[in-house]
Amino acid sequence: MLGLTVIRVSPTVSMSTHSQPFRTRFAPSPTGFLHIGGARTALFAWLIARHSGGQFVLRIEDTDQARSTQASVDAILDGLKWLGLDCDEGPHFQSQRQARYQAIVDDLLAKGLAYRCYCSKERLASLRERAIAQGDKPRYDGHCRDAQAPVAGVEPVIRFKNPTAGKVKFFDHVYGDIEVANSELDDLVIMRSDGTPTYNFAVVVDDWDMDINLVLRGDDHINNTPRQINLYHALGVSPPEFAHVPMILGPDGKRYSKRHGAEGVMSWRAQGFLPSAMVNYLARLGWSHGDQEIFSLDELIGAFSIEGINRKAARFDVEKLTWLNHHHLREGDPNEAMDELRWHLNRLGCPTTDDIDLAALLALQAERLDRLDAIAAESAPFFVDFDDFDPKAAKKHLRPVALEPLERLLAKLKALTTWTPEVLQSAIQETADELELSFGKIGMPLRVALMGHGQSPAINETLGLMGQDRSIARIERAIEWIQDRVGEHGA
Ligand code: GLU
């Protein structure tokens, strides 16, 4: 924050409903992952474009070459793609627009709206120190504004001649009417001495060139907006509309950051969240529509409006995200969930071209589990043989007393000519009846035999999904395992 006195004149004012198509943009700096805050900004801008029948433009703000990386560009593109936020134009790269920035700077210089500044670092530092010592805000004093005599050997920066009198007024769709006195603003550097444009300048040229009519971004930029508006006026262009979105807080009420485990959007994929759940969650993080919590993407596009964006900072809540994930896993688009489950299974080395019915598996597992990473981990034995039995589960359930029930059941299963959960239920029940055992006395050893561990959906469903051949092989393996142990102990 630049520490300007931003006066929020009438925070309750809200412009009437807009019918124009909004052309919005997302303009990340590629210096890291697409994090939650960036993803939400992108989503809001995308939703407004889609809701209003406008367009969504992607622009990579990579003028800071030292901090920008290709890996980060890829991570941002991957994150947007995973969330389903397709762009109508872009990505544009600021690094490819240098000639344009230079042309505008030349034009501003020629018109006397900008000037070369030769002030040394030392001079600027002492100005700064003096201001701080006097309790003032550090501001450039305009030393080179009217005296542009070149200093030999010094490559100048270019500064914008900010108006010295009057006020900048604008309407923010979230914060209402805002005004800032020009006396609060100083002459902004628009081009560094190495010829690269600064953020405030490049963003104005780009938003103008790209016909953006609504700039939606984090409210950490709200103090930049008056400076940008002055630049628009100097260029003879009307500024776009603005909407500044409040920040996201961590559970401790502080700005959500890496400290809270804030990571790239793709790490949420690895943690088993669905893109539809993420989008639903992010949309509700700082926006509301009555008390509705659950939205499909189409519902969001239909319902989203700038007026529903809250001025209060929202708190990130992983429990709510998990709750939404569970909902979308059970009630959402099964194809999305299956695609994601395949991704998780493949990561675990499970081939999914098998004949396992993924839709059925997902429906069963989503009754018990709320994240896809857990569903995939627990479901791996349906696809690949497990190395060994979980020692605790084996110790408890694969005991000599389980031999007879497993052998009897095995004989019945081998003889079956249909393999449905109903038929399998009867086979287990009959075995239990014949041996006068409870269903569980067979069910648990059977579960450990099939899965290697003690967790699975209902056991007849588990058998059904696993298929006859694989189930028989697993039960035979468990029987042998018990027999080996019995042999070792001389029983
Ligand atoms: N590159 C800026 C950022 O990542 C974009 C700000 C804007 O949207 O104007 O914060």
Side-chain angles (χ1 to χ4, degrees), residues 1-2 4 6 22-49 54-69 71-77 79-80 85 87 89-98 101 168 170 172-175 178 188 190 192 196-232 235 237 239-248 255-258 262 264-265 282 286 306 309:
M1 293 286 238
L2 298 176
L4 302 176
V6 172
F22 277 120
R23 193 167 146 94
T24 62
R25 66 1 174 231
F26 178 51
S29 305
T31 55
F33 296 111
L34 175 64
H35 51 81
I36 291 291
R40 187 194 58 169
T41 302
L43 174 64
F44 280 15
W46 183 89
L47 283 171
I48 287 171
Q55 286 109 33
F56 177 66
V57 177
L58 178 61
R59 181 172 72 235
I60 304 291
E61 302 211 321
D62 57 350
T63 51
D64 185 347
Q65 291 287 336
R67 293 178 62 224
S68 301
T69 64
S72 168
V73 173
D74 294 342
I76 291 166
L77 296 178
L80 292 175
L85 307 184
C87 62
E89 199 184 289
H92 295 282
F93 289 86
Q94 286 189 327
S95 56
Q96 293 168 6
R97 292 175 42 77
Q98 181 61 27
Y101 305 130
V168 187
F170 68 100
D172 184 282
H173 279 280
V174 179
Y175 286 99
I178 290 181
L188 181 75
I190 55 176
R192 301 182 189 94
T196 56
T198 58
Y199 157 70
N200 274 303
F201 176 64
V203 84
V204 167
V205 176
D206 289 349
D207 285 334
W208 170 31
D209 283 354
M210 293 166 200
D211 285 326
I212 301 304
N213 60 6
L214 174 70
V215 166
L216 183 142
R217 60 185 166 205
D219 70 359
D220 48 338
H221 285 289
I222 205 163
N223 283 339
N224 287 323
T225 305
R227 297 173 177 282
Q228 293 176 12
I229 289 174
N230 282 335
L231 274 165
Y232 280 106
L235 294 170
V237 198
E241 295 181 30
F242 292 95
H244 289 92
V245 185
M247 65 173 117
I248 300 174
R255 194 195 172 101
Y256 190 61
S257 72
K258 290 205 181 93
V265 161
L282 290 174
I306 314 187
I309 298 176

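In listed order, ligands and their atoms are each counted from 1. What you see is a predicted model, and the numbers here were worked out from it, not measured in a lab.
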Checklist line | Part of Y199 within contact of ligand 1 (heavy atoms, under 4.0 Å) | finding: side chain
Next item on the list: Would you mind listing which atoms of ligand 1 come within a distance below 4.0 Å of any non-hydrogen atom of S29?
Entry: 1 (N), 2 (C), 3 (C), 4 (O)
Margin query: Give me the residue, atom name and distance of the protein heavy atom closest to atom 1 (N) of ligand 1.
Written below: E61 OE1, 2.6 Å
Checklist line | Contacts of R67 that satisfy side chain to side chain donor-acceptor pair (under 3.5 Å) - sequence neighbours left out | finding: none
Next item on the list: Report the nearest protein non-hydrogen atom to atom 5 (C) of ligand 1: residue, atom name, distance rounded to 0.1 Å.
Entry: A27 O, 3.1 Å
Checklist line | Residue pair Q94 / D62, side-chain donor-acceptor N/O under 3.5 Å | finding: no
Notebook entry, point to check: Do Y199 and N224 have a side chain donor and acceptor closer than 3.5 Å?
Noted result: no
Check: Quick one: do D211 and R23 make a salt bridge, cutoff under 4.0 Å?
Finding: no
Check: Looking at residues at least two apart in the chain, or sitting in another chain, which of them share a side chain to side chain donor-acceptor pair (under 3.5 Å) with Q98?
Finding: none
Next item on the list: Report the nearest protein non-hydrogen atom to atom 8 (O) of ligand 1: residue, atom name, distance rounded to 0.1 Å.
Entry: R25 NH1, 2.6 Å
Note to self: For ligand 1, which is the ligand I care about here, please tell me if V203 has any N or O atom under 3.5 Å from one of the ligand's N or O atoms.
What the structure shows: no
Next item on the list: Inspect the contact between R97 and D209 and indicate whether a charged nitrogen and a carboxylate oxygen are less than 4.0 angstrom apart.
Entry: yes
Note to self: Could you identify the single nearest non-hydrogen protein atom to atom 10 (O) of ligand 1 and state the distance to 0.1 Å?
What the structure shows: H221 NE2, 2.8 Å
